[in-house]
Amino acid sequence: MTVQASIPHAISLLGSTRALCPTCLTALPATIAADAEGRVWMSRSCPQHGPVETLVWHDVEHYRWIRSLAFDPVRPNESELRPVTGPCPTSCGICMRHRRRPTLVEIEVTQRCNLRCPVCFMSAGPEARDMPLAELRAFYEAIARTATTDVGVQLTGGEPTVHPELANIIALGRSMGFWGVEVNTNGVAIASDLDYLRTLVDAGLTGVYLQFDGLTPGPYQQLRGADLLAVKLKAVENCRAAGVQAVLAMTVVSGTNDAEIGGVIDYALANVDVIAGVALQPAFTSGRFDATRVEPLTMGDVIRLLDEQTSGLVRTRDIVPLGCSHPLCDTGTYLVPDARAEHPSGYRAITRDLTRDEYRARYRPDSPQGSVFSDILAHQGISTERGLSVIVMNFMDAWTCDLERMEECSMFVTMANGALIPFCSYQLTDKSGCRLYAPWGDALAEKGTT
C-alpha cells in the first residue's frame with residue numbers, strides 16, 4: 001500500500017537508501033523504518049510532489065533475517081563498466097556504480113504480441129516491430145563482451161514466438177558459445193504447434209520460461225484477458241514431448257491468484273520430469289497494469305503464503321536469499337526427494353538443514369547462474385534429476401524502487417547501443433505509465449529523465 005499524505009509513525013529506524021518519486025522519478029534520500037505494528041516502510045519526500053510512503057515488508061523480524069543472509073557482491077567486468085553520466089537510474093549501462101555481475105540477460109527480439117494482457121510490463125505496444133536477425137548478433141556480442149558467454153540469455157519481447165526467425169535467433173546465440181538460451185513465452189504458439197517447438201529445440205533452445213498464473217480460469221481472465229488454462233497445460237505437455245524443460249512464471253496478484261500458489265507447487269511436483277522450477281513474481285506496476293487495483297503483495301507476503309499453502313513442504317525460513325543478487329530481490333529454495341521428508345509428496349527443502357555457514361562455504365561466486373542451489377547439491381553429491389527450484393522474484397516499480405537494490409541487480413536487458421540495463425530500471429515507468437527507457441534503447445522517453 002502506498003499513500004502520499006499520512007506517514008506511519010516510525011519506531012525503529014532500520015537504514016537508509018535512495019528511492020524515487022513515482023510522479024517525476026526524481027532520486028530522493030529515503031529511510032527504511034518499522035512502525036508500531038512491525039511493518040517496514042520506505043519513506044521519502046519529493047520537493048515538488050510531497051511525501052511518499054511505501055510498504056516494504058509486513059514483518060520486521062523476518063525482514064531483518066532475510067537481510068542478514070546477504071552475500072558479498074561479485075563485481076561486474078571492470079573493463080566494461082561505463083562512466084557515470086547522471087543520477088541513478090538514468091545512466092545505466094553497466095555504470096561504475098554497479099556492484100554485481102549479470103547472471104541473466106534478456107534480449108527483446110520483438111515488440112509484437114499475440115495477446116493483450118491487462119497486466120504486462122514488457123514492450124508490447126501498438127507499434128509492432130521485430131528486431132532483424134542481422135542486428136541481433138550485435139546484441140549477443142554486447143552480452144559476451146560485458147558478461148561473457150557463461151551468462152544465461154533469455155529471449156523475450158513482446159512475445160518472442162511471433163518473431164518469424166526465432167529458431168535462427170536461438171541458433172545464433174548457441175553458435176556464439178552461450179550455454180543457455182531460453183524463451184520467455186505466454187505459451188500460445190508452443191501449445192498449438194508441437195513441431196514448431198521441436199524446431200526451436202533443434203535450434204538449441206535450452207528452456208521455456210512459461211507464463212503460468214494458476215490452475216483455474218479466473219486468474220487468466222483477469223490478468224491475461226482470456227481463459228488460457230488449457231493453453232498453459234498443453235504447453236507443458238508439448239515441452240515434455242519436445243524434451244525441453246519449463247519454468248512456470250506466476251505473476252501473483254492479491255485477490256486474484258494468491259490462493260493458488262500451493263496448487264501450482266503441487267502441479268509442478270506432479271510434472272517434475274518436465275518442470276524444473278516455479279518462479280513466483282509479486283505483481284509490480286511498471287508498464288501496463290489495467291487489472292483491478294489491490295494492495296500489492298511484498299516478497300515477504302508471498303513467502304508467508306508458500307508456508308500457509310504447502311502444508312509444511314516449504315516453511316518460511318526455508319526460503320533464503322540467492323547469492324547472485326540483493327537479498328530483497330531474489331530468494332528461494334530447492335525441493336528434492338528425501339527419505340526424511342515429512343510431507344506426503346516425499347520432497348524436502350534442502351535449505352531446511354543448511355546452516356548459514358554451510359551455505360556461505362558452498363556458495364560458488366564463479367557459477368554461471370550466480371550459485372543457485374543446484375550448485376550446492378552437486379557439491380553434496382545429490383541428484384537434481386527430479387528436483388524443483390522455487391524462487392520468489394521481487395521486481396521493483398516507481399513506488400518500491402530502492403536504488404541501492406538497483407545497484408546490485410544481476411538481471412539485465414540488452415540495449416541497441418550495446419549497454420546492459422538492470423531489468424527494473426529498463427522496465428521503469430512513472431505513475432502515468434511513461435517509460436524511463438524507450439524500447440530497445442532508441443532514445444530516452446520524453447518524460448522521466450529528470
Side-chain angles (χ1 to χ4, degrees), residues 14-20 27 30 32 42 56-57 63-84 87-89 91-106 142-154 279 299 319-333 351 354 356-376 379 389 391-396 400-414 419-428:
L14 303 174
S16 61
T17 185
R18 303 179 329 277
L20 299 178
I32 307 292
M42 181 168 66
V56 175
W57 219 267
Y63 173 86
R64 284 184 170 126
W65 180 77
I66 287 282
R67 291 297 304 262
S68 74
L69 300 176
F71 282 81
D72 292 336
V74 179
R75 290 279 294 172
N77 182 353
E78 298 282 349
S79 66
E80 293 298 327
L81 293 180
R82 299 186 174 210
V84 174
C88 189
S91 67
C92 299
I94 304 172
C95 86
M96 296 293 294
R97 280 187 292 242
H98 208 79
R99 303 182 63 218
R100 286 190 187 266
R101 68 182 179 93
T103 55
L104 178 67
V105 183
E106 291 189 342
I143 298 172
R145 182 174 60 250
T146 306
T148 79
T149 57
D150 274 344
V151 74
V153 174
Q154 188 177 86
M299 175 186 276
I319 301 293
V320 301
L322 306 188
C324 62
S325 60
H326 190 282
L328 300 183
C329 291
D330 291 292
T331 59
T333 189
T351 49
L354 189 67
R356 177 177 176 176
D357 289 342
E358 288 172 335
Y359 189 13
R360 290 183 177 277
R362 295 169 187 171
Y363 173 68
R364 280 187 53 197
D366 61 339
S367 169
Q369 298 183 78
S371 193
V372 292
F373 297 116
S374 55
D375 294 330
I376 294 172
H379 182 273
S389 171
I391 304 297
V392 184
M393 306 177 71
N394 194 19
F395 296 123
M396 299 185 291
T400 59
C401 187
D402 178 333
L403 295 178
E404 292 191 4
R405 276 179 58 191
M406 189 82 79
E407 290 175 357
E408 294 195 33
C409 178
S410 61
M411 180 177 176
F412 288 77
V413 178
T414 319
L420 267 57
I421 302 293
F423 176 88
C424 291
S425 177
Y426 177 69
Q427 302 295 350
L428 190 64

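Residues: numbered from 1 along the sequence shown.
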At what distance, to the nearest 0.5 angstrom, does [atom1] of [X] lie from [atom2] of [Y]?
X      : Y      : atom1 : atom2 : value
Leu81  : Leu420 : CG    : CG    : 11.0 Å
Leu403 : Met396 : CG    : CE    : 7.5 Å
Ser425 : Ile94  : OG    : CD1   : 11.5 Å
Met406 : Leu20  : CE    : CG    : 6.5 Å
Arg405 : Asn394 : CZ    : CG    : 4.5 Å
Asp330 : Ile319 : CG    : CD1   : 12.0 Å

Discussion item. Between Glu408 and Cys329, is there a side-chain heavy-atom distance shorter than 4.5 Å?
Written reply: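 In short, these two side chains do not touch, never coming nearer than 4.5 Å.
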Discussion item. Would you say that Pro321 contacts Ile66 through its side chain, given a criterion of any heavy-atom pair below 4.5 Å between the two side chains?
Written reply: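 In contact.
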Worksheet item: According to the interplanar angle, ranging from 0 to 90°, do the rings of Trp57 and Tyr63 count as parallel (below 30°), tilted (30 to 60°) or perpendicular (above 60°)?
Response: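 Plane angle over 60°, so perpendicular.
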Worksheet item: Under 30°, 30 to 60°, or over 60°: which ring-plane class applies to Phe423 and Phe395, parallel, tilted or perpendicular?
Response: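 Taking Phe395 first and then Phe423, their aromatic rings sit tilted (interplane angle of 30° to 60°).
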Heavy-atom closest pair, residues [X] and [Y]:
X      : Y      : value
Ser68  : Arg356 : O-NH2, 2.9 Å
Val392 : Met299 : O-CE, 3.5 Å
Arg100 : Asp72  : NH1-O, 4.0 Å
Arg99  : Pro73  : O-CB, 3.2 Å
Pro102 : Val151 : O-CG2, 3.8 Å
Gly332 : Thr351 : O-CG2, 4.5 Å

Discussion item. Does either side chain, that of Ser91 or that of Arg97, offer a donor lying less than 3.5 Å from an acceptor on the other one?
Written reply: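 Yes - a donor-acceptor pair under 3.5 Å links their side chains.
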Practice prompt. Show your working on side chain to side chain contact (heavy atoms under 4.5 Å, CB included) between Arg67 and Leu328 and close with a plain yes or no.
Written response: CA-CA 7 Å; Arg67 291 297 304 262; Leu328 300 183; 3.6 Å; yes
Worksheet item: Please walk me through it: do Phe373 and Leu322 pass side chain to side chain contact (heavy atoms under 4.5 Å, CB included)?
Response: CA-CA 8 Å; Phe373 297 116; Leu322 306 188; 3.5 Å; yes
Worksheet item: Looking only at atom types and distance, does a side-chain atom of Tyr363 sit under 3.5 Å from a main-chain N or O of Phe71, one as donor and one as acceptor?
Response: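 Looks like no, no N/O pair under 3.5 Å.
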Practice prompt. Look at the side chain of Arg75 and the backbone N and O of His98, then say whether any donor-acceptor pair between them is shorter than 3.5 Å.
Written response: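 Present.
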Item to complete: Determine, step by step, whether Glu80 and Arg101 satisfy the salt bridge (charged side-chain N to carboxylate O under 4.0 Å, His left out) criterion, reporting the C-alpha distance in whole Å, the side-chain angles of both residues, the deciding distance to 0.1 Å, and the verdict.
Response: CA-CA 11 Å; Glu80 293 298 327; Arg101 68 182 179 93; over 6 Å; no
